[in-house]
Structure formats: structure tokens, C-alpha cells
Student: 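The structure is given below, and queries will be raised subsequently.
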Amino acid sequence: MEYNHREIESRWQQYWKEREVYKVEADPSRPKFYVLDMFPYPSGAGLHVGHPLGYIASDIYARYKRLQGFNVLHPMGYDAYGLPAEQYAIQTGQHPEKTTTENIARYRSQLDKIGFCYDWNREIKTCDPEFYKWTQWAFQQMFKHYYDKSTDKAEPIEKLIAHLEAHGTENLTAVGGKELEFTAEEWQALTDKEKSDALMNWRIAYLGHTMVNWCPKLGTVLANDEVCEGLSLRGGYPVEQKLMYQWCLRVSAYAQRLLDGLEKIDWTDSLKETQRNWIGRSEGAEMRFKVAGQDLELEIFTTRADTIFGVTFMVLAPESAYVSQVTTPEQKEAVEAYLNEVKHKTERERMIDKKVTGVFTGSYAVNPLTGKEIPIWVSDYVLAGYGTGAIMAVPAHDSRDYAFAKKFDLPIIPLIEGADVSEQSFDAKSGKMINSCGPILDLNGLEVKDAIARTKQFISENGIGKVKVNFRLRDAIFSRQRYWGEPFPVYYKEGIPHMLPESELPLQLPEIDQYLPTEKGEPPLGRAKNWQTADGYPLELNTMPGFAGSSAYYLRYMDPHNDNALVSPEANSYWRNVDLYIGGTEHATGHLIYSRFWNKFLFDLGKVVEDEPFRKLINQGMIQGRSNFAYRIKDTNTFVSAGLKNQYDVTPIHVDVNIVNNDILDTEKFRAWRPEFNNAEFVLEDGKYVCGWAVEKMSKSMFNVVNPDDIVDRYGADTLRLYEMFLGPLEQSKPWDTNGIDGVNRFLKKLWKLYEGGVDNSEPSAASLKTLHTLIKKVTADIEQFSYNTSVAAFMICVNELTAQKCQSRTILEPLAILLAPFAPHIAEELWHSALSHETTVCDAHWPTYDPAHLVENEVTYPVSFNGKMRFNLTLPASMGKDDVIAAAMNAEGAAKWLEGKQVVKTIFVPGKIVNIVVK
RNA sequence: GCUCGAAUGGUGGAAUGGUAGACACGAGGGACUUAAAAUCCCUUGGCUAUUGCGGCCGUGCGGGUUCGAGUCCCGCUUCGAGCACCA
């Protein structure tokens, strides 16, 4: 019987579904293993062949762990809120929920065809009220907590309030946005509204005036990780800076723990590095400069305290509060004109023209170490959001300060011996200090590193400043002016935000007539009827961003139907955290930071037992498209084959890869493809039309999208699974090229034939045992290292050898079927039942272990060399020890004569590998 | 600019410091067939040699360590990724 993948695969998929073979329950008597995929956003385009790569990899690992006796949690769900569905709704008026539901159904049918071992009883959708109840709940908890430096964790806000009532801000250890100062009496005298506003300074979820990335085209605010080079990640629209009153999450309070946590988890170095960059810890000093003639000090942050003697001016960010305080009446007009100019530039414009701009405020600051007066300027190269929004400028040793000094003709004082600053600044942190001697501190002659330390020590001892650690990581902006997201469980009473009682969660997303802002410019929820509490208080109009729902979803899978908690303590203490997480790198600075933050917060509250959510993380590479081209001779409808294209003046045209096979164009299908090609002519080579190709992003416009459904239909899911793994290393990006798939398909046919030859209870030959045990050893090691491509190769070798050996022994063929089950579950299951006549499913079998006894060689062939030059091969019994092998090598024919009169200096013997003899 | 990673045949890619190119595709040759498809067998890094045995070169470039380097170290080149007026 032929190998019929269609019949086999649909039958087994049906069987698994009906008997709930992959259903999993917590079982304390067995060790757990949690394998998770990054759940997809169900887009309208459906899955292409690149999407399942990571899913297949995790499925193999999940099945492997299961065969090893672990209780494996392997769930799937959908990140269902998001902009594309809403943009589509704006265009068509169709409810995003409808689009989303349809897309999910499409995704599900595509996933089902590939034969994954997901427990679909645990499916979650972030837009499901039963799910987002817990997103809203977590937000409320963040509102009700603040971060305490003394305990280094989140604490209830009541604890902070008690402190403020008793001591004001004295000895306060809460992490806040601003450094507020007031006494207990002052606190008690505040109105409720003032108290609420003040507490926002410390709450982990807080309302704040922050500079946000505003995208006018999308009509919403975006998080930093949703913006790339001044354009929105979704849509690519310009983004500008705008001051808005928004919900934010105090992620920055967790910066140090997010950094430290990286040490404990098994992620790739590059991903950890990306997160370290994003967190951006920098150690430096905060210093105060007096403003001449005013009772005011400018606070600045610097990592180069050693360059204090080279400070020749100060610069403030345009948004800095200091600006209005230090601007003199004479300069007022110029400064205001400048601020206005800066405000109207978008982030993108600022980046495109890197012109140096700025304006003098009219005031001077006093260098605390030299007593000299230096001018205070304003420029947009200083960022308001980092450090204190003010810097001391050292043009000799900072390229940005240098450019500024050159433009406005400010003095440049070199501070490092031998540094030539006539053309450019000297930014390196090395060399000996010069010109750095003042009345109270002398740094001359010190190495830069020592000078930094010396200055830091000096300024803190003398009250000029203090040692300070700054992070680049900002708080996450948590409001979106959109419809298709989780509503905030918040209402406003006399302008004060209040949390809805937990019993009223989830607060369901209301229906609206149009998915657009209101005439007044309010977010879409402003259109909802009766969007208020029972007592008539207005509800929040913003919704939560995409990352809200994806930040704790992995916890929900542990206990997806629990109505009383995000996850029960029992379920959580059994499943703990994700042992293996597979997904793309694109989430490195978004989801993977927010999840870690969210998890650490829940950990602080005692709601989860693990401090890090994802123990091991693998990034699968992107599958790129492989586009095909036909070459049209200019101004004709004649196409010339790739090998001849240089003889003509041609324009390459993208051809649908689905009408090309092994780069040979099906010319009839091409003519039928589009009307304008109906009467196309072809210039062939060897009777064929050969297409050119290039690697590009897989997208509709390139006509290089390959749908997994088509591959499954033609070759089967098992072939697709094996081929995706065979393409190359999992973590590497690579183009999809259907050309090689026949090889994998041939392997499955050969495998089928091997079992079709019959299975009996005969004693296996030593050769077959060796073949099998080599495979067990190889595949087990490979799976542990996610080296799936070499595993597939090992299977091919094994089946070829067993076929040549005419092996029919159950002792060999049974373990082989089990080994293959994670990779190609359908055919493995079929062989398990039909050829091996088992009643149970192969999913319940046990992973075989290899027996080294079967791998032992009777003879070993050593390459023997003298002085590293290979001379001959020597085949000897494997039992021979080092001395015997070397003696045999030296006595071998030819060798003995060659060695005459020479002295052996050293012998190198690698057991089973090589013999090398060094002579003089 | 800073940080990280990569570079091996016509192609995708294998190689705990130990015979580089596993496995697969493609290509060429052959068997079977009226023919095609399917299947099977052989060849396939380059140069050179050939009746046969062979020989030399070869993992981006230049050095180094080592008996021995694709692999380790130093210095480049190119490509990819992340961060980027972050003081």
C-alpha cells in the first residue's frame, strides 16, 4: 500500500481529538514541564509557512518530554486585541470582534492540520471577558501598590499613606516620579484631590503628565517599543511628542531587578544583551551647579565626573522646568521663539536633520570646583526624560557638546594628555588627566578611571552632588485612545480616579456605533451609551494597550477556567513557570520586558511562586520569502529565461512562486495568471523557462507567500514538520524554499516501505542494533540542544541503513517509531498501530534509552601521523590500550624504517581518534 | 558611534581542537519503461593526473598558539541584529 498522508493524517487528527489524547491535568505525582509558544495575533492574512516554525519546534519538544514521562503543559491561545482589526472596522464598519472571531477560526483550522499536541481545553483569547477580568484585576492591584526600596518589592499603598500621615516625606523609601517634600502636617492639610494627585507620584499604575509618542494618523499614543525611527511600527505613520495625561506603569521601579533577573534565566546572550541595552543602566553622579545671582541650583547627571574642569557651558532640555526660571528678560523672546520651533518638529524631523540648534538663556551657572561662571543654553539635543533634563557640557570630550561648542563658538578645554581636539572631540575613557587642578581638587596625572572615582568621592563628601544610577528604561504608557482593547476598570468622582469594586469585574467593552473618536476628540468609548457606573459616575474612556493582555497569559493557561483568581495557588505551585518558551526576537523589548515586570509584581504580592516567568527561551529565526522573477524585454510582452537575460534590456517581474517549480516557470499557468500575460511569449533555454530568485520578506506584494495548507495537502503535515526543521538551525533566519521538500517526503516513503516489509520478532543483527542505538543517542542529544535539522538527517541515515540491512525486527522498529513520534506524529502513530499492532497510542510510549554496549566498535581505524603529517591508517582491535596502539604504529610497515635514527619527543593519542608521534 | 552575532561547494547546511563538506536539494550519468511519472544505482569542492595508484590547493582576509585550527587568541574586511543626540 502506498503511503497516503491525506487519509492517515486526517484519521489520526480525528482520533486525538475524539479521545482528548492531549488533555492534561495537574498531577503532583509526576514531574511537570511547561512548553509555551508566543501566542499569535490572528491577522486577516492567515498563517504562512513561516509562522508554524516555532510551533513545530515546541511541539517536538513537548512530545519528547511527554515520552520521557513528564506531565507536559502545552497550550495555545490568541492575542486577540490589536490595531489591525480596529483599522479594518473603521474602514468597513464591521465589529472587530467579528473579524477577530473569523480570523481565529481560520488560524485554528490551519493549526489543526499540522498535528500539534495542544490541549485546546485551555485555549484563551485576550478579548474574552473571562480572561480580561484578570488583566483589569492586575491593573487595579498595580494602582493599589507602590514600590518600596527598603523591602525592594511592591507594597500596599496603605503602608505609604500611613508613613505620609506620620512623617510626611521624611525617610520615605518609595520609588516615585518626582522627589516631593512635605511634612506630615502639610500632608494632612491636603484636599482629597490633592492627596490623590500626590499619591500618583508613587503608585505602580498611575495617571501622569508624560511626554508620549502620539501618532495622529492612528489617533493614539504608542509605547516606546511600538515606535521605530520616528514611525509607528503598525502602519509606518509619523509619530510626534505630545504632553498628555495618561495611565502609566512604573516599570522603571523594577529596572534593577529586571536587569539582575537576567542572570538567573537561560536565554540567549544576544537577547539578554538587547534587554540590558533597553534597560540601559548607567552609573554616574548627580551634581548641583549654582545659578549666578539667583537662589537656584541646576541639577545635572553625568557619567564623566572627571571632566568637571572642562565644563564650559550648561545645556537644558527645551521641556526642562529650569528654562523659564533662568531665562533673563532680554533673552525671553529668543528663548520662546526657540521653544516654539522645537515643539513643532516631530521626532522624525528632529532625527532627519541633525542640525545643531540652541539658544542662550542669558544666565550663568557657577562651576562648583573652579568658581568660574559658564553660560546656560537650551538645546533639543538634551532629552527631558533622561537624567535631570540638564547637562554640564564638556566639548573637548563629548562629540555632541563639541558640535554645539563649534556652532556657537564656545570654549573647548582639553583635559586628557595628548588629546587633539582641534578637529573632533576625544570621547574615549582613557588617558592621563591635565588642566584639572582647582583650588580644592587636583586630578592632574590621574588615569580617567581613577579620576572618575576620585571626583565622585569628592563631590559626595563635599555636598556638591551624589553618586547616582540612571536607567534608560522608562515607565510604560498604558493608555490607548482606541476601542479594541481592555476597558480600564476605573471611574471618576469629582475628578479623582477610583477603582471599580473587584466584584464588578470584568468591566465589559461596550458597543459603539462607529470606531472613531468623538467630535470633542475623546476616544471611541466616548460614543458608548451609559458608559458610567450605576451611580452615574463616568468611566475611563481610554483602553489598555496590546501588551496588557499578553503580559500574564502564561499564568492563565495553568488554570484557565478559574473564576476566583487569575490562577489558583495549587495550579501555580504545580506548574510554576514556563520551562521552555519559543517565539520571535521582535518581542525582546516589548512583551518580554512587560511580562517579566508583570510577573515580578505578582510575585511581590505573593500571587505567583516564581520571580521569572520564562526559564528558558529560544528565538526561532524568521522565515523569509524566496521570490521568483521573470524577465520581460522592455516594451514587449516577451519573457526571457534567466540565463539569457543579459543579452536583452529586461525588467524583472515578480512571479507567483506557486506557479514555479524548482525555479522552472509553468508558462501555461503564467499566461492564465493575469490578463496582461495572456499572450506572453517566452525565450527558453533547454526548452525551459528558468526564473531568477531573491530572498525578500514573505508578503503578498512579492507573490512569495506559501500557505502551509497547500504543503499539507500535497505532501502531508509530517513532511511539512520535518522539512521546516530540516531547513536549517532553528534560531537562524532563512528563506523558505519549497525545492528541497521532496527529499524529506522521499524519506517518509522509504520509512513506510521499511515497515511494509513486515515486522517480526526476530533477533536483530548487531549492525541493526548499532544503527538504532546510534540514532537514539544522536536524536536525544539533538533534541536537548534544539538541533532538529541534524536529527532529521540522522533519521534519514538510519532508515537507509535499516533498509539495506533488510531489518524487520520489532526490537529495532518499535523504538524507531517512538523516536520519530515527536517529529512526524501521524505516520509514527499509524505505524505503531498497523505495522506494530499496538492498541495504545504512541504518545503514551516511553522514550528509548541507548545502550553503549551496542555502539562499541570491534576495530578502530586510527590515522597515524608523524610530526602532524598524516602518513597512513592503522586498523586495530578496539580493546588495545594507549601503549599498544603507539607501539603498533611505530612498528607498522614503513614507519619503523622511517623512524630509524630519529628520537621520539612526544606521543599524542586520542582514544578512538588519532595517533600522532613527534620526532626529532 | 556603542553592543552582540555571523562568514564553509551551484544551493540549504554538517563537523566535543583530531580524515572539512554529514544529510538534503540541484546537476550529470545509468537501470527499469513503448514513453512519461515514480523508484533504484553511480558521480558531484577546485585544480591536476589517470591504464591504475595518486598529487596539490581549499572553511572571508592577515598574523599567532598547537604535533594538529572551520573550531582557540590578536588584528582587519564584509554582512546581519539591537541600542542610539541616554550626557
Side-chain angles (χ1 to χ4, degrees), chain A residues 2 228-229 268-282 284-285 300-305 307 311 315 317 350-351 354 356 379-383 385-394 397-401 403-404 427 470-474 585-586 588-589 619 621-622 626 662-663 693 722-723 726-729 731-747 749-750 753 778 781 787 789-798 800 803 861-870 873 905-919:
Chain A
E2 283 286 293
C228 184
E229 292 184 357
T268 60
D269 289 337
S270 76
L271 189 61
K272 285 187 185 180
E273 196 59 31
T274 302
Q275 290 217 340
R276 283 193 198 104
N277 278 340
W278 189 258
I279 295 166
R281 184 182 202 269
S282 73
I300 60 97
F301 175 77
T302 181
T303 53
R304 292 296 301 273
T307 59
V311 178
V315 190
R350 265 167 73 161
M351 271 166 36
K354 288 197 168 173
V356 180
S379 174
D380 64 0
Y381 84 85
V382 175
L383 303 175
Y386 184 74
T388 60
I391 62 156
M392 61 178 214
V394 187
H397 302 289
D398 182 288
S399 52
R400 296 151 303 178
D401 297 347
F404 196 83
D427 292 14
N470 255 328
F471 292 95
R472 209 187 63 90
L473 184 71
R474 310 294 168 80
T585 21
E586 65 272 20
T589 54
N619 287 122
M622 279 245 289
R626 187 179 187 276
N662 283 342
D663 290 337
W693 62 274
L722 282 167
Y723 186 57
F726 188 62
L727 269 177
E731 302 189 60
Q732 191 174 302
S733 285
K734 56 234 159 192
W736 175 268
D737 183 358
T738 310
N739 289 347
I741 201 166
D742 288 317
V744 168
N745 193 237
R746 255 170 232 150
F747 155 71
K749 288 180 186 162
K750 283 182 201 168
K753 265 198 173 148
K778 173 86 179 137
S787 176
N789 56 332
T790 51
S791 284
V792 178
F795 277 115
M796 291 177 176
I797 296 169
C798 175
N800 279 341
T803 304
T861 302
Y862 293 92
V864 179
S865 55
F866 293 93
N867 288 355
K869 270 217 150 238
M870 223 266 278
N873 286 335
V905 176
K906 195 160 132 190
T907 56
I908 292 138
F909 171 73
V910 182
K913 293 278 184 186
I914 201 157
V915 180
N916 190 11
I917 296 158
V918 186
V919 295

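Order of the sequence lines fixes the chain letters, A, B, ..., with proteins taken first and strands second; residue numbering starts at 1 for each chain.
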Student: Judged by each residue's nearest nucleotide on RNA chain B, which is more toward the 5′ side, A/F471 or A/W278?
Tutor: A/W278
Student: Let me know the distance between CD of A/E2 and C1' of B/A37, rounded to the nearest Å.
Tutor: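 Those two atoms, CD and C1', are 12 Å apart.
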Student: Within this structure, what is the CD1-to-P distance between A/I300 and B/A87, rounded to whole angstrom?
Tutor: 12 Å
Student: Quick check on RNA chain B: between A/T274 and A/Y723, whose nearest nucleotide comes earlier from the 5' end?
Tutor: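 By nearest-heavy-atom nucleotide position, the 5'-most residue is A/Y723.
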Student: Which nucleotide in the list B/G82, B/C25, B/A24 gets nearest to the side chain of A/N739?
Tutor: B/C25
Student: Please determine whether a side-chain nitrogen or oxygen atom of A/Y386 lies at a distance below 4.0 Å from atom OP1 or OP2 of B/A87.
Tutor: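 True: A/Y386 side-chain N/O within range (under 4.0 Å) of B/A87 OP1/OP2.
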Student: If we take the P atom in both B/U16 and B/U3, what is their distance in whole Å?
Tutor: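 One P to the other, the span is 30 Å.
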Student: Could you please name the option among B/G82, B/A84, B/C23 that lies closest to any side-chain atom of A/R472?
Tutor: B/A84
Student: Under 4.0 Å from OP1 or OP2 of B/A87: is there any side-chain N or O of A/S282 that close?
Tutor: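 Yes, because at least one side-chain N or O of A/S282 sits under 4.0 Å from OP1 or OP2 of B/A87.
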Student: Work out how far the P atom of B/C57 is from that of B/U51, and round it to whole angstrom.
Tutor: 24 Å
Student: What's A/R304 touching, base or sugar-phosphate or nothing? Going by heavy atoms closer than 4.0 Å.
Tutor: sugar-phosphate
Student: Taking 4.0 Å as the cut-off, does a side-chain nitrogen or oxygen of A/R746 come that near to OP1 or OP2 on B/C40?
Tutor: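 Negative; the distance criterion is not met.
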Student: Is there a side-chain polar atom (N or O) of A/Q732 under 4.0 Å from OP1 or OP2 of B/G13?
Tutor: yes
Student: Rounding to the closest angstrom, what is the interatomic distance between B/G18 and B/G68 at atom C1'?
Tutor: 7 Å
Student: Under 4.0 angstrom, heavy atoms only, what part of the nucleic acid is A/K778 near: base, sugar-phosphate, or nothing?
Tutor: nothing
Student: Quick check for you: to the nearest 0.5 Å, what is the distance between A/R472 atom CZ and A/L383 atom CG?
Tutor: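 Going from the CZ atom of A/R472 to the CG atom of A/L383 covers 10.5 Å.
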Student: State, with a plain yes or no, whether a side-chain heavy atom of A/D401 is found less than 4.5 Å away from one of A/I391.
Tutor: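 SC-SC contact between A/D401 and A/I391 confirmed.
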Student: Tell me: CD1 of A/I797 to P of B/A14, nearest whole Å?
Tutor: 14 Å
Student: Between B/U71 and B/G62, how far apart are the P atoms? Round to whole Å, please.
Tutor: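 The answer is 13 Å between these two P atoms.
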Student: Does any N or O in the side chain of A/K778 come within less than 3.5 Å of the main-chain N or O of A/F795, such that one atom is a donor and the other an acceptor?
Tutor: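 Not confirmed, A/K778 side chain does not pair with A/F795 backbone.
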Student: Quick one: do A/Y723 and A/N745 satisfy side chain to side chain donor-acceptor pair (under 3.5 Å)? Show the steps, please.
Tutor: CA-CA 8 Å; A/Y723 186 57; A/N745 193 237; over 6 Å; no
Student: Phosphate oxygens OP1/OP2 of B/A14: is one of them under 4.0 Å from a side-chain N or O of A/N789?
Tutor: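 Looking at the OP1 and OP2 atoms of B/A14, one of them is under 4.0 Å from a side-chain N or O of A/N789.
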Student: Select one nucleotide: of B/U39, B/C85, B/A24, the one nearest the side-chain heavy atoms of A/L383.
Tutor: B/C85
Student: Applying a 4.0 Å non-hydrogen cut-off, can you work out what A/D269 is touching in the nucleic acid: base, sugar-phosphate, or nothing?
Tutor: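 Nothing: the residue A/D269, judged by heavy atoms under 4.0 Å, touches no strand.
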Student: Parallel, tilted or perpendicular: which describes the rings of A/F301 and A/Y386, with under 30° parallel and over 60° perpendicular?
Tutor: perpendicular
Student: Decide yes or no for A/L473 and A/R281: does some side-chain heavy atom of the first lie under 4.5 Å from some side-chain heavy atom of the second?
Tutor: no
Student: Once you apply a heavy-atom cut-off of 4.0 Å, does A/P735 come out as touching a base, just sugar-phosphate, or nothing?
Tutor: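 Counting heavy atoms under 4.0 Å across all strands, no contact is made by A/P735.
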Student: For B/C56 and B/A35, measure between their P atoms and round to the nearest Å.
Tutor: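 To the nearest whole Å, 47 Å.
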Student: Just the rounded figure in Å: distance from C1' of B/U11 to CG of A/L727.
Tutor: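 Taking CG of A/L727 and C1' of B/U11, I get 12 Å after rounding.
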Student: Determine if the base of B/G9 is syn or anti; take syn to mean the glycosidic torsion is within 90° of 0.
Tutor: syn
Student: B/C25 P sits how many Å from A/K734 NZ, rounded?
Tutor: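 About 18 Å, once rounded to whole Å.
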Student: Report yes if some heavy atom in the side chain of A/T803 is under 4.5 Å from a heavy atom in the side chain of A/K753; otherwise report no.
Tutor: no
Student: Nearest to the side chain of A/N277, heavy atoms from C-beta on, is which of B/A87, B/C83, B/A24?
Tutor: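 The answer is B/C83.
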Student: Does A/R304 reach the side chain of A/V394, with side-chain heavy atoms less than 4.5 Å apart?
Tutor: no
Student: Taking B/A22 as the reference, what is the distance to B/A87 when you measure between their P atoms (whole Å, please)?
Tutor: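 To the nearest whole Å, 50 Å.
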Student: For A/R276 and B/C2, what is the distance between atoms CZ and P respectively, to the nearest whole Å?
Tutor: 19 Å
Student: I'd like the C1' distance from B/C53 over to B/G64, given in whole Å.
Tutor: 38 Å
Student: With a non-hydrogen cut-off below 4.0 angstrom, is A/R474 in contact with a base, only sugar-phosphate, or nothing?
Tutor: base
Student: Using atom NZ of A/K749 as one end and atom P of B/A37 as the other, report the distance to the nearest whole Å.
Tutor: 14 Å
Student: If I pick the C1' atom on B/U77 and the same atom on B/U11, what distance separates them, to the nearest angstrom?
Tutor: 24 Å
Student: What dot-bracket string describes RNA chain B from 5' to 3', counting Watson-Crick and G-U wobble pairs whose defining distances are under 3.5 Å, with [ ] for crossing pairs and | for pairs to another strand?
Tutor: (((((((..(((.....[....)))((((((.......))))))((((.....))))..(((((..]....))))))))))))....
Student: Closest heavy-atom contact between A/I300 and A/T388?
Tutor: CA-OG1, 3.3 Å
Student: Can you name the nearest heavy-atom pair linking A/T303 to A/S282, along with the distance?
Tutor: CG2-OG, 4.1 Å
Student: Could you tell me how far apart A/N470 (CG) and B/A84 (C1') are, to the nearest whole angstrom?
Tutor: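 Whole-Å distance recorded here is 16 Å.
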